Number of protein chains: 2
Amino acid sequence: MSEPRWLDAAQQRDWRAYIEGSVRLADLLDRDLKAKHGLTTAEYEILVRLSEAPERRLRMAELAEYASQSRSRLSHTVARLECKGLVSRGTCGDDKRGVNAELTEKGFAFLEQAARDHVATVREYFIDVIDPDDLKAVGRAFSAVAEQVAKAR
Amino acid sequence: MSEPRWLDAAQQRDWRAYIEGSVRLADLLDRDLKAKHGLTTAEYEILVRLSEAPERRLRMAELAEYASQSRSRLSHTVARLECKGLVSRGTCGDDKRGVNAELTEKGFAFLEQAARDHVATVREYFIDVIDPDDLKAVGRAFSAVAEQVAKAR
DNA sequence: ACGGAATAGTTGAAACTTCAATCACGTTGC
DNA sequence: GCAACGTGATTGAAGTTTCAACTATTCCGT
């Protein structure tokens, strides 16, 4: 059992500030999206990724990757979105194991409304309260984190 | 329906970097803690707060506040921790509605082990991959976010 | 061309979180 | 002193996520 390098006071403050701020922000965004549009953040994220894909369609595995979700979770979530009529599933031409998820017209229209509100909330509680230079730093920091986590697997 | 102020390209890049990085980091920390110690992040957070409280004891409502959890969630989570023998519950002397959660000896010993590993992982995937100035900026940014979210209620 | 290993995706059960209702106690005002 | 309201905490059910097992298809080596 080796002696750990503990965090110094400043590092600990910054880390905790991040944990608290991010948890509370995520909570708020979830509630907001749920109250106004009946969507979870995970569902919203899926709709966004689909809307940006060519033909508004992606294979499940790619969608899982872009939305940072496990495949199992994606299956369940897309099933729910399909029930709501926002997404449809169809088999892939070239690989018969594959499944394409596609944003329906209804899904696209729905997302347009949700995105307006969501962006406004993200501005109000995140973008607009952070100093522009600090925001850039946040971008750099979490890009590095994402990369490091990706390396781990 | 008013026209929203969309994010500019840089803001969007930074926001998405944050979302992706934070989701993946949270996933990794969760798995790590679960694999090595059988704890969820929520449970770990509770143990940490209790360990820092005077007498290693807090009222449920305070604990909920410090751990950024709903009271309901806390009840369930503490119930689980109680089953594992890491926390015990007792009534409050002065207010008979109140309940004190207290870290047991076993809980404290358990946490010491878990904290070593957790800190090492936080270092490896967060602290040590972020430029020190950027880390300070992250601290400032999320302090501001937490404050703004708190204002909303 | 065959068998084994890898990949894509789904499924059901268990674990966890959220939501609304509830219980118990405390506080206020009449 | 007690009725109405507020607060602290728990409960059970419904919804969501994780985990492990499973089906179907494709890839690879011989």
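The chains referred to below are lettered A, B, ... by the order of the sequence lines, with proteins before strands, and numbering in each begins at 1. Every value quoted in this text rests on a predicted model; they were computed, and no experiment measured them.
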side-chain hydrogen bond (donor to acceptor under 3.5 Å, both in side chains) involving A:R89 - partner list, sequence neighbours excluded: A:E82
For DNA chain D, determine which residues of residues 86-104 of chain B have any heavy atom closer than 4.0 angstrom to one of its atoms, and list them numerically. B:R89, B:R97, B:G98, B:V99
With a strict under 4.0 Å distance from non-hydrogen atoms of chain A, what nucleotide opens and what nucleotide closes the contacted stretch of DNA chain D, reading 5' to 3'? D:dT16 to D:dT26
Rounded to 10°, the helix from C:dA1-D:dT30 to C:dC30-D:dG1 deviates from straight, judged by its five-pair end axes, by 20°
Atom-to-atom span, CG of A:L74 to C1' of C:dA8 - whole angstrom: 12 Å
Determine whether B:L7 and A:R123 make a side-chain contact, defined as any pair of heavy atoms from C-beta on separated by less than 4.5 Å. yes
Tell me, do B:Q69 and B:I46 make a side-chain contact under 4.5 Å, heavy atoms counted? yes
For A:K34, what residues pass the side-chain hydrogen bond (donor to acceptor under 3.5 Å, both in side chains) criterion, not counting sequence neighbours? none
How does each nucleotide of nucleotides 12-21 of chain C score, in 5' to 3' order, for protein heavy atoms under 4.0 Å: base (B), sugar-phosphate only (S), or none (-)? B---SSBB--
Sorted by chain and residue number, the ring-ring contact (aromatic ring centres under 6.0 Å, His included) partners of A:Y66 (sequence neighbours excluded) come out as none
Side-chain contact test, heavy atoms from C-beta onward, threshold under 4.5 Å: evaluate it for A:V78 versus A:E43 and give yes or no. no
If you apply the rule side-chain hydrogen bond (donor to acceptor under 3.5 Å, both in side chains), what do you find for A:S68 with B:R24, and how did you get there? CA-CA 7 Å; A:S68 306; B:R24 300 201 169 193; 3.1 Å; yes
What pairs with A:K106 under salt bridge (Lys or Arg N to Asp or Glu O under 4.0 Å), at least two apart in sequence or on another chain? none
Quick one: which residue pairs count as a ring pair (Phe, Tyr, Trp, His ring centres under 6.0 Å) with a foot in residues 22-53 of chain A, not counting sequence neighbours? A:Y44-A:H118
Pairing residues for A:S22 by the side-chain hydrogen bond (donor to acceptor under 3.5 Å, both in side chains) criterion, not counting sequence neighbours: none
Residues in salt bridge (Lys or Arg N to Asp or Glu O under 4.0 Å) contact with A:E112, at least two apart in sequence or another chain: none
Between atom CG in A:L63 and atom C1' in C:dA8, what is the gap in whole Å? 13 Å
My understanding is that only residues two or more places apart in sequence, or in another chain, count here; which of them pass side-chain hydrogen bond (donor to acceptor under 3.5 Å, both in side chains) with A:R16? B:E52
When rounded to whole Å, the CG to P distance for the pair A:L58 and C:dG9 reads 11 Å
B:E62 side chain near B:E65 side chain, heavy-atom distance below 4.5 Å: no
